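Excluded from the calculations below are hydrogen atoms, water molecules and symmetry mates; all remaining heavy atoms, backbone and side chain alike, are included. These numbers come from a predicted model, not from an experiment. In what follows, chains are A, B, ... by sequence order, proteins preceding strands, each numbered from 1.
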There are 2 protein chains.
Amino acid sequence: MQAEAPGRVQDVRRQNLAVALGAIQRTERSTRAEIAARTGLTKASVSSLVAGLLETGLVEEVGVTRDGERGRPGSGLVLNRQRGALGAEVNVDYLAAGVVDLLGEVRVQEVVERPPGGSPEKILGELRALARRVTTAADADGMVLLGGGLAVPGLVDPARGLVLTAPNLGWRNAAMAQQLEALLPGAPLGVVLSNEANSAALAELWYGHGSSFRDYLYVSGEVGVGGGLILGSELFAGPSGHAGEVGHLVVQPDGPQCSCGGRGCLETVAGQHAICSAAGIDGTSTADRMAALLRALDAGSPEAARAVETAGLYLGVALASAARMVNVSAVILGGHFAALQKWIGPSLLRSLGSYAPGVVPADGVAFSDLGQTAALRGAAGSRLREVFASPHDLLN
Amino acid sequence: MQAEAPGRVQDVRRQNLAVALGAIQRTERSTRAEIAARTGLTKASVSSLVAGLLETGLVEEVGVTRDGERGRPGSGLVLNRQRGALGAEVNVDYLAAGVVDLLGEVRVQEVVERPPGGSPEKILGELRALARRVTTAADADGMVLLGGGLAVPGLVDPARGLVLTAPNLGWRNAAMAQQLEALLPGAPLGVVLSNEANSAALAELWYGHGSSFRDYLYVSGEVGVGGGLILGSELFAGPSGHAGEVGHLVVQPDGPQCSCGGRGCLETVAGQHAICSAAGIDGTSTADRMAALLRALDAGSPEAARAVETAGLYLGVALASAARMVNVSAVILGGHFAALQKWIGPSLLRSLGSYAPGVVPADGVAFSDLGQTAALRGAAGSRLREVFASPHDLLN
DNA sequence: ACGAATTAGTATGGAATCTGAACTATATGG
DNA sequence: CCATATAGTTCAGATTCCATACTAATTCGT
């Protein structure tokens, strides 16, 4: 019995605005009558709700549509493609920004490679310039941006605009509320932080394999191994916001020390550094080493193949446990795991089948094909989702 | 965007009835004015809501209460202790039933030891006789039972009244909707099935260490190792209802075969059978063997101590992973783990600290002291919680 | 002992919002 | 060109909340 807030009569309208908007979102073109039929609201209510939605600017009335054969045609209602959200990502060796419209389509997008390192202020300055280019382009297209999301590879506190820790960026307790606001000055919903793996998991839901799975564990293979958990088509963040972190599940009780202080974590055998080292590959930057690893695999290097196979084996151990723990039957692999699909897939499947038979079937394992801008899309998408969840907030 | 139901004006009242009832539940004795102050509802609304609650019979008006110094005293409102729910449990070697009132107090309770084995029909026949004794006693006390819960050590489908699998009972796809109804004929909310570990986890929340933790993993050590996950003071069941099953997390990638088909599961090293075997203890029944184990430990047997220590070590491995996966920082151990607290505690803490330092601190590890009737209380309690969540349903 | 002050609870009117039924608007089809 | 069908609007009625005013019951101060 947590402190439940009392309901007001007005809350009913809040909810029904969202219900009506949801109905419009789910089809290419709706009419009021259709919305009434699908939601169970009366025509009268829908009329009134649609009037409200038109006022928010989220919905547009387009010409008449003849749906059936006889009778008066309805007037078409569609989502306004001139409304959208900014998505951005700071990662170890690149910055990215883009604009996604209400239909979920990426309208503008730009990725800038950059050498690793730099203070939060410096990097956000660069990102700001990038964001300005992107939003200016969107503006020229007549778009209005309602809010934005910024994904970073680390733990965040979205409410306070704080990056708690981002080990691979070298950030710790970075307060960035002001810089976030500066990315999208005056936007109704502001810009909020999110975790890169979580955003990528959501991008997968909306733009990737989400059509096949409602519940899955997304595993992002970067320098570290991150994770995002999608349950019931929603991100499940856990009590303090970082559930799904598979990178530090214990897969080798007597394995090597991990940077987290633990021992035998998945990351120590399946992270990019670990795989490259095991394959005997070195180089200056991580990106270079990964490229070299792929070349070695293509060239048929048995050493490289064995390194990746081992990673797949332990990935299977971790995913077997993880899937049982949260009761999901699907896994989506992104980042370097997606790039290594051909080589890591077989040992992963074998391992999953042997450690948790029947839990994650072979067709429950998928590899992402969203590429580098997954997190950006997820970050923007989650802000759009907020809009869909409470359109009322856009009515002054 | 799942199919959201439209809201009606009446739903506001549904919610506010629950809010008002919640306010009454949280204090020993309330007045209308107090409820208004605490919930934010107006006095007028509270008056009307309380009238409704009185009609459900869940709340009683008791004499006037002088709360402050001056002014008209309020009329006291308390939960009706004559309303309650039946809780029952079928376990490998005992049956249990009891009645819990709205205050959460156990009013009647009875446990019957019985030899393992028997068809679902036979066992539910015995349980029915037990339930009748208990409900008759409650009836004599003037109690009205609104519903009931039956906990079983296995996976259940509460909606269809089905026990999917209960390996230690030897049940599989047992349909028991009729027998459930017969346990409490004509009760407004019927009797529903639940998983034993989940119910025990909830009992811990309401009657045990729940006052210290809002988020924790409960681990039930029985013949198998079960688990229940509490997040935000709610049971988290996962997409298909069996999240939190720590018994089959992989703790030894090259460990022995498990009955689940996997390999190196926690259950193969920390289940009752596994511990007793490792300690070199045999006997006819599991209960006998556990008793012998405790005697051996008390007598200082190094073999027994080592067996339990090993179990604690691997329990730590599993819990380190589990806690990270769902992002909780507390663990409550029940069943034989509670009984073995003195011997298993140190190695468990050591292991947790070494595999996931900082994730589950030492004061995040607690041992249950609810004993055998935890599941019964949890099962009844969850039905009562339903009543508190929607008192409206009890109005004609 | 009695009125002022204080607090509890109820009654009444107004606002928001849904429903249902009646009504208007605009098509198709013989 | 009128019957039929479908879309959308209007309006009265129901529900439930809030705000305010009112009545009820008690303590405090003189």
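Rounding to whole angstrom units, CZ of residue Arg8(B) and P of dA14(D) are separated by 18 Å. To the nearest angstrom, P of dT16(D) lies 16 Å from CD of Gln15(A). For Arg32(A) and dT24(C), the CZ to C1' distance is 15 Å, given to the nearest whole Å. If you take CZ of Arg70(A) and C1' of dA7(D), they are 15 Å apart, rounded to a whole angstrom.
Backbone-only engagement by Val12(B) is indicated by non-hydrogen atom pairs under 4.0 Å involving sugar-phosphate atoms exclusively. Among the heavy atoms of the strands lying under 4.0 Å from Ala44(B) is at least one base atom, whether or not backbone atoms are also near. When heavy atoms are screened at a 4.0 angstrom cut-off, Ser48(B) is found touching no nucleic acid atom at all.
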Evaluate the criterion side chain to side chain contact (heavy atoms under 4.5 Å, CB included) for residue pair Phe388(A) and Leu102(A); output intermediate values, then yes/no.
CA-CA 9 Å; Phe388(A) 287 118; Leu102(A) 285 186; 4.2 Å; yes
Side chain to side chain contact (heavy atoms under 4.5 Å, CB included) between Asp101(B) and Val106(B), intermediate numbers included:
CA-CA 7 Å; Asp101(B) 67 25; Val106(B) 179; over 6 Å; no
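Two residues are said to be in side-chain contact when any heavy atoms from C-beta on lie closer than 4.5 Å; Arg107(B) and Met143(B) meet this criterion.
Closest to the side chain of Pro73(A), from the set dC17(D), dA19(D), dT26(C), is dT26(C). In this structure, the nucleotide among dA16(C), dT10(C), dG8(D) sitting nearest to the side chain of Lys43(B) is dT10(C). Of the candidates dT16(D), dC18(D), dT19(C), dC18(D) carries the atom nearest the Thr42(B) side chain, counting heavy atoms from C-beta on.
Asn16(A) has a side-chain polar atom (N or O) that falls below the 4.0 Å cut-off from OP1 or OP2 of dC18(C). A close approach under 4.0 Å does not occur between any side-chain nitrogen or oxygen of Arg72(A) and OP1 or OP2 of dA5(D). Residue Ser47(B) places none of its side-chain N or O atoms closer than 4.0 Å to OP1 or OP2 of dG9(C). Applying the 4.0 Å criterion to OP1 and OP2 of dC18(D), one finds that Ser45(B) has a side-chain N or O inside that range.
Residue order along DNA chain D, read from the 5' end via each residue's closest nucleotide, puts Gly71(A) first among Gly7(A) and Gly71(A).
A distance-only check finds a donor-acceptor pair linking the side chain of Asn16(B) to the backbone of Gly7(A) [under 3.5 Å].
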